[in-house]
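Taking it in order: structure first as C-alpha cells, then the write-up.
Naming: A, B, ... by sequence-line order, numbering from 1 per chain. Just so we're clear, the structure is a prediction, and the values are computed from it rather than from any experiment. All values below come from the heavy atoms of this structure, side chains included, with hydrogens, waters and symmetry mates left out.
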There are 2 protein chains.
Amino acid sequence: MAAGTLTPLQQRVAREIIALARRENRPAGSHLPKIALAKAIGTSHNPVEAALAYLARRGVVRHLPDRGYFLARDARLIDDAARRVPHSGDERLYHRIVDARLEQRLPDETTASALLRRFGGTRATLQRVLTRIQQEGWIERKAGHGWAFLPLIDSVEAYEDSYELRRVLEPAAVLGRKFSPVTAELAALRAEQLFMAGGGHAHMTAGEWIDLNARFHEALARWSGNPFLLHTIRRMNQLRRLVEYRAVAGDPRLRARQSSEHLEILDAVERDDRTRAALLLQRHLEGARRDKVQPAHFRRGRP
Amino acid sequence: MAAGTLTPLQQRVAREIIALARRENRPAGSHLPKIALAKAIGTSHNPVEAALAYLARRGVVRHLPDRGYFLARDARLIDDAARRVPHSGDERLYHRIVDARLEQRLPDETTASALLRRFGGTRATLQRVLTRIQQEGWIERKAGHGWAFLPLIDSVEAYEDSYELRRVLEPAAVLGRKFSPVTAELAALRAEQLFMAGGGHAHMTAGEWIDLNARFHEALARWSGNPFLLHTIRRMNQLRRLVEYRAVAGDPRLRARQSSEHLEILDAVERDDRTRAALLLQRHLEGARRDKVQPAHFRRGRP
DNA sequence: TATTGCATATTTATCAAATAATATGCAATC
DNA sequence: GATTGCATATTATTTGATAAATATGCAATA
C-alpha cells in the first residue's frame, strides 16, 4: 500500500480509536496501548499499529519510541479536520448508492453492470458494497441476474413502520424473561448520557450523537439475552443511521431531552423496576417518533 | 453445461415448478406455460425452459412439440424419487456446514481457508455460502480476517428465544394499523390448510409441511404492510427451517391440529376480527413452542 | 391471441498466479 | 510485568481474458 494511504481495515481502526478516546473523554497524554485497542476493536495488533502511525502523521497522537502512542490533546478537543480519516473506495461507493437511492434517482430493479456503468469502480468493490447493502436489508438478489431494492427508511411511511417495530420490540426486550443488565456497560452508558445531558453535546458531531443513541438502544437489546432480538434492533439502527445522519442531525433541546429520558430509563433498569423501564421506553420511542417523523425531513414522500 | 446437468438456478426453478404444481394440486395433463412460471418464480423464460426439459427427461412432465410441457401425472402423486432434483455444490456445502454446526463440530471462530481445508470446494463457492449464512444471521465477519459463528436455533435456549420474538411480533402484525389481508392469498392459504387438515398430509413431505407453515406465518407478516416486520419474520422462518427439518418433521396429530388452528386464525382475519386473530395466534405460537421445544429434539443442549 | 422455440444481446461466473494484508509470536525495552 | 517493534506465517484480494448463463425479443404455431 502506498505511503500515507491506509487499507480499509486500517481506516476503520483509526476511526474507532478516535471514537473510543472521545467516548471515554480521554485527556491529553493518555496512553493508547496497541493490544488493548486491538482487543477492543476486534482485530490483531498489526492494523492498530498502522492506524496509530497514520494518526501520528496527522498529529492526532504523538509517538515516543519504545513507549508507544499518546493522545496529543484532550480527545474531546480534537478538531473535526484533524480526525477526519479518508474513506475507502468501498465506503465512497456505498454512500453514493445510498444518496442516489434516498433521492430516488435509482430504479427499483437494476444489475451490477448497470451500477458499474453509472458509478464506476471495480466489480469486486461493487460486489462487496452490494453484499453489505443486502446484509443491511435494503436490496436483494433477484432469482437469476440483477438486484431489487427494498424500501429503505426513507419516507414518513417507512419511518413509521420502523418505529412501530421498535415500540413492540424494545419494551419486550426489557420485560423478557432473561433480561439482565451488565453493570460495567450500564455505568459506561450512564457516563456518556450524563456527559451529553450536561452540555457535552457541544463537543459532539451529529454522527457521534446518533451512535450514542444507537448504543443505548442496542445495550437494552443485548441485555435481553435474546440474540434474535438484538440482531433485529441492530438492523433497525443501521438503517436509521443512514437516514437520520442526513435529516435530523440535532436540535440541541431535543438532544438534551433524549439524554435525560435515557438516563431515567437507565435508572429504572438499575433498580430493576422493569415495568417502569418498559413504560418509559415506550413513551420515549413514541416521543422520538413524533419529533423525527416530520415530512420536512424527507426530500420526497413515497406513496 | 454438460448434458443432463443443470445450473444452480435451473435446479432451483425445477424444484419450484414441482412445488408449485403440488401446492395447487394440479391434475395430470395440466399445462405448464413457461412465461407464467417464469413470472411466478421471478426469473426469465430461459432457465424455466431448461428446467422443464430436464423434468421431461426425468418423466415428471411430457413435452408436446409447439404446445409445451404438461404434467405427466397428478402433482400430488409424483413419487419422491422422480421429483428429487440434484443440489448444486453451493447447496451441498451449505448443508454440510449447517450439519457440522448443529452437531457442534465447528469452532465458534474460523477462517475461510480453514473451512476450505475441511470441506473442500472452491473459494468462490465458500464465499457465496458464507454470504448466505451471514444473510441468515448466524455468522459474521470478524474485523480483519475470519468469521465468527453466532448462536443458531440449535438449542432449547435459542429456540425459546426465537419463539419469544415471534410471540411478540406476529400478534403485533395482525393488530398493526395497516394490516390488510390480500383476498387471493387468503383463499390460497385456506385451500392449502384445508387440504392439509383433510388428510392431505399423507401426500406431503416434511419439507413441504414446513414450507406450508412458513407461508402461513409469512403471509400474516406481509399483510401487516410493514416491510421490516416481514423481513424479521422471514429470517426467523429461514432459521426454523434449518432446525425443524431435522428435528420435528411431523407427528400427524400435530400437523392436523396446527392446520385447524391456522384455519381458525384465517377465519378471524377474514371477518376482520383482529383482536381474536391476534389472540388465537398468540395461543397457537405458545402451543407450537410447547410441542416443539423438547430437549429430545436437540442433540445437545447449549448452556 | 396466447404460447412456444429459438436467436441475439447482456450479464455474470470462473480461473490461478501474483500481490497485499492480517494474525501471531517474541526478544528488546520501558 | 506489561508493552513495543519487528519478523514470520497465514490468509485474503486482485486481475482480466475466457466461458457460461440469463434476459429478452419475435416469427412461427396451435
Side chain of [X]: nearest nucleotide among [options]?
X       : options                   : answer
T7(A)   : dA21(C), dT13(D), dT22(D) : dA21(C)
R128(A) : dT13(D), dA30(D), dT14(C) : dT13(D)
D66(B)  : dT15(D), dC30(C), dG5(C)  : dG5(C)

Round to the nearest Å and state the distance from [X] atom [atom1] to [N] atom [atom2].
X       : N       : atom1 : atom2 : value
L116(A) : dA13(C) : CG    : P     : 12 Å
R123(B) : dA18(C) : CZ    : C1'   : 14 Å
L126(A) : dA13(C) : CG    : P     : 11 Å
Q10(B)  : dA23(D) : CD    : C1'   : 13 Å
L6(A)   : dA20(C) : CG    : C1'   : 14 Å
L52(A)  : dT4(D)  : CG    : P     : 9 Å
L9(B)   : dT11(C) : CG    : P     : 17 Å
E109(B) : dT10(D) : CD    : P     : 19 Å

For this session: Check DNA chain D against residues 38-49 of chain A and give the residues with a non-hydrogen atom under 4.0 Å, in numerical order.
Result: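 Residues of residues 38-49 of chain A under 4.0 Å from DNA chain D: N46(A), E49(A).
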For this session: May I ask you to list the residues of residues 21-37 of chain A, by number, that have any heavy atom positioned under 4.0 Å from an atom of DNA chain D?
Result: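 Nucleic-acid contacts, sorted: H31(A), L32(A), P33(A), K34(A), I35(A).
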Taking only the side-chain nitrogens and oxygens of [X], find out if one of them lies under 4.0 Å from OP1 or OP2 of [N].
X       : N       : result
R117(A) : dT11(C) : yes
Q127(B) : dA12(D) : no
H145(A) : dA13(C) : no

Exercise. Between L242(A), L130(A), D99(A), which is the residue that forms a side-chain contact (heavy atoms from CB on, under 4.5 Å) with Y94(A)?
Worked result: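 Testing Y94(A) for a side-chain contact (heavy atoms from CB on, under 4.5 Å) against L242(A), L130(A), D99(A) leaves exactly one candidate, L242(A).
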Ion pair check, [X] and [Y], cut-off under 4.0 Å:
X       : Y       : value
R241(A) : D211(A) : yes
E91(B)  : R132(B) : yes
D74(A)  : R22(A)  : no

For this session: Could you pull out the closest heavy-atom pair between Y69(B) and H31(B), with the gap in Å?
Result: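 Distance-wise, the nearest heavy atoms are O-CD2, 3.2 Å.
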For this session: Let me know which of E185(B), E192(B), E208(B) forms a salt bridge (Lys or Arg N to Asp or Glu O under 4.0 Å) with R215(B).
Result: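 Of E185(B), E192(B), E208(B), salt bridge (Lys or Arg N to Asp or Glu O under 4.0 Å) with R215(B) is met by E192(B) alone.
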Given 3.5 Å as the limit, does a donor-acceptor pair link the side chain of [X] with the main chain of [Y], or not?
X       : Y       : value
Q11(A)  : S88(A)  : yes
R58(A)  : R84(A)  : yes
R83(B)  : V60(B)  : no
R234(A) : E218(A) : no

For this session: Please state whether the rings of H87(A) and H95(A) are parallel, tilted or perpendicular, taking 30° and 60° as the class boundaries.
Result: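 Ring orientation of H87(A) relative to H95(A): perpendicular.
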Exercise. 5'-most contact on DNA chain C: L64(B) or T122(B), nearest heavy atom basis?
Worked result: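 First, find each residue's nearest nucleotide; the 5'-ward one identifies L64(B).
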For this session: Could you check R67(B) against A124(B) and say which one's nearest nucleotide on DNA chain C is further toward the 5' end?
Result: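 Here R67(B) is the residue nearer the 5' end.
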Exercise. With nearest nucleotides of DNA chain D determined for S113(B) and G144(A) from heavy-atom distances, which residue corresponds to the more 5′ nucleotide?
Worked result: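 The residue mapped nearer the 5' terminus is S113(B).
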For this session: Measure the spacing between CG of L32(A) and CD1 of I17(A) and express it to the nearest 0.5 Å.
Result: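 Rounded to the nearest 0.5 Å, the CG-CD1 separation comes to 7.0 Å.
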For this session: Indicate, with a heavy-atom threshold strictly under 4.0 Å, whether A112(B) touches base, sugar-phosphate, or nothing.
Result: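 Sugar-phosphate contact only.
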For this session: Please report how far the helix from dT1(C)-dA30(D) to dC30(C)-dG1(D) bends, comparing the axis fitted to its first five pairs with the axis fitted to its last five, to the nearest 10 degrees.
Result: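 End axes: 60° apart.
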For this session: Tell me, yes or no, whether the heavy-atom count around R190(A) atom CZ, taken from other residues, nucleotides or ligands under 6.0 Å, exceeds 12.
Result: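 Check passes, neighbour count above 12.
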